[in-house]
A.B. asks: 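Before anything else, here's the structure in question.
Excluded from the calculations below are hydrogen atoms, water molecules and symmetry mates; all remaining heavy atoms, backbone and side chain alike, are included.
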Amino acid sequence: MAKRGRQAEAARNDLALLQAAHEVFTTQGFDAPVSAIARQAGVGMGSLYRRYRTKEELLQRLCVIAMERAVEAAEAGLAEPDPWGGLALYVRSCVGFRSGALAPVAGTIEVTDEMWRTARRSEEAIGRLVARAHETGALRGDVTELDLALLIEQFSRPFPGPAGPENQQVKERLLAIALDGLRAPGVTPLPGDPPSVAWYEARWGASP
């Protein structure tokens with residue numbers, strides 16, 4: 001019983017640390033001290049360092065979690081019978097938990113094998129979601145999975161100024177405009193070639 005109690009407490013502390021780390025890093029910047037994370041999580045520095053030896057390890061774990069949540073969002077979208085509704089659900093879900101908020105750390109941390117494996121799972125699930133929307137004519141034909149990823153990154157950035165209900169309302173309004181712009185057939189041709197996978201992944205480092 002005591003062991004299970006300690007394990008449950010460790011799990012709670014880990015969750016609190018991860019939630020605090022995501023909030024601190026994405027609002028205060030990635031140079032924020034880990035002491036700010038421990039303070040916000042309500043745990044001691046010893047608890048933080050027992051779980052994550054370095055800030056890089058903490059960021060690596062946050063990246064994996066963000067991609068895992070994107071996979072879950074894509075699978076939830078695929079479960080929707082309406083292809084457009086499923087795609088919109090995926091985009092709104094990812095914007096809601098700010099799945100692209102960690103993009104600025106690309107190129108500043110080592111990409112682990114777990115990160116690459118999770119990225120491949122995410123690409124596969126999102127690829128199926130986009131392919132279904134294309135096949136049914138719901139998504140304009142010149143929009144790619146990477147266009148969606150980069151759009152979500154833009155909406156994952158924190159609004160300037162203090163947080164408030166007005167910020168959320170503005171974000172939802174702009175997201176509705178953006179989603180309408182994704183729908184087929186599309187009025188304005190998209191300029192230039194679509195972003196390439198090689199360019200997108202090169203931001204993080206060489207793929208294994």
A.B. asks: For Y49, is the OH atom crowded, meaning more than 12 foreign heavy atoms sit under 6.0 Å from it?
C.D. replies: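 Result for OH/Y49: open.
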A.B. asks: I would like to know whether C94 and L148 meet side-chain contact (heavy atoms from CB on, under 4.5 Å); could you show each step before the answer?
C.D. replies: CA-CA 10 Å; C94 288; L148 293 182; over 6 Å; no
A.B. asks: Taking Q60 for the side chain and M115 for the main chain, is one N or O donor matched with an acceptor at less than 3.5 Å?
C.D. replies: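 Side chain of Q60 to backbone of M115, a donor-acceptor pair under 3.5 Å: no, none is there.
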A.B. asks: Tell me, with the steps shown, if L58 and I37 meet side-chain contact (heavy atoms from CB on, under 4.5 Å).
C.D. replies: CA-CA 11 Å; L58 186 52; I37 296 168; 3.8 Å; yes
A.B. asks: According to a hydrophobic-cluster definition based on side-chain heavy atoms being under 4.5 Å apart (Ile, Leu, Val, Met, Phe, Trp, Tyr only), do L150 and V197 belong together?
C.D. replies: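 Yes, one cluster joins them.
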A.B. asks: To the nearest 0.5 Å, tell me how far R61 CZ sits from E114 CD.
C.D. replies: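 One finds 6.0 Å between CZ of R61 and CD of E114.
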A.B. asks: Look only at the side chain of K171 and the backbone of G96, and say whether a donor-acceptor pair between them is shorter than 3.5 Å.
C.D. replies: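 No, K171 side chain to G96 backbone: no donor-acceptor pair under 3.5 Å.
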A.B. asks: Is S122 reaching over with its side chain to a backbone N or O of T118, donor-acceptor style, under 3.5 angstrom?
C.D. replies: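 Judged by distance alone, no pair lies under 3.5 Å.
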A.B. asks: Which heavy atom in S47 sits nearest to a heavy atom in L17, and how many Å separate them?
C.D. replies: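 Result for this residue pair: O-CD1, 4.2 Å.
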A.B. asks: Is a salt bridge present between R120 and E123, judged by a nitrogen-to-oxygen distance below 4.0 Å?
C.D. replies: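 Between E123 and R120 there is a salt bridge, with a charged N closer than 4.0 Å to a carboxylate O.
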A.B. asks: Quick test of your reading: applying salt bridge (charged side-chain N to carboxylate O under 4.0 Å, His left out), list the pairs with at least one residue in residues 25-52, sequence neighbours left out, ordered by first then second residue.
C.D. replies: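 The answer is D14-R51.
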A.B. asks: My understanding is that only residues two or more places apart in sequence, or in another chain, count here; which of them pass salt bridge (Lys or Arg N to Asp or Glu O under 4.0 Å) with E145?
C.D. replies: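 E145 satisfies salt bridge (Lys or Arg N to Asp or Glu O under 4.0 Å) with no residue once adjacent residues are dropped.
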A.B. asks: For T144, does its backbone N or O pair with a side-chain atom of H134 as donor and acceptor, under 3.5 Å?
C.D. replies: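 No, because the side chain of H134 does not come within donor-acceptor range (under 3.5 Å) of the backbone of T144.
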A.B. asks: Please walk me through it: do I65 and F97 pass side-chain contact (heavy atoms from CB on, under 4.5 Å)?
C.D. replies: CA-CA 11 Å; I65 291 171; F97 61 77; over 6 Å; no
A.B. asks: Salt bridge check: are R128 and E124 linked by an N-O gap of less than 4.0 Å?
C.D. replies: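 Yes, R128 and E124 are salt-bridged.
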A.B. asks: Count I, L, V, M, F, W, Y as connected when their side-chain heavy atoms are under 4.5 Å apart, and connections chain through other members. Are L129 and L179 then in the same cluster?
C.D. replies: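 L129 clusters together with L179.
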A.B. asks: With a 4.0 Å cut-off on N to O distance, would you call R203 and E153 a salt bridge?
C.D. replies: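 Looking at E153 together with R203, the answer is yes, because their closest N to O distance falls below 4.0 Å.
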A.B. asks: Are E172 and Q168 linked by a side-chain donor-acceptor pair shorter than 3.5 Å?
C.D. replies: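 Looking only at side-chain atoms, Q168 and E172 do form a donor-acceptor pair, the distance falling under 3.5 Å.
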A.B. asks: For the pair T108 and L59, evaluate side-chain contact (heavy atoms from CB on, under 4.5 Å) and give the outcome as yes or no after the intermediate values.
C.D. replies: CA-CA 10 Å; T108 68; L59 286 166; 5.7 Å; no
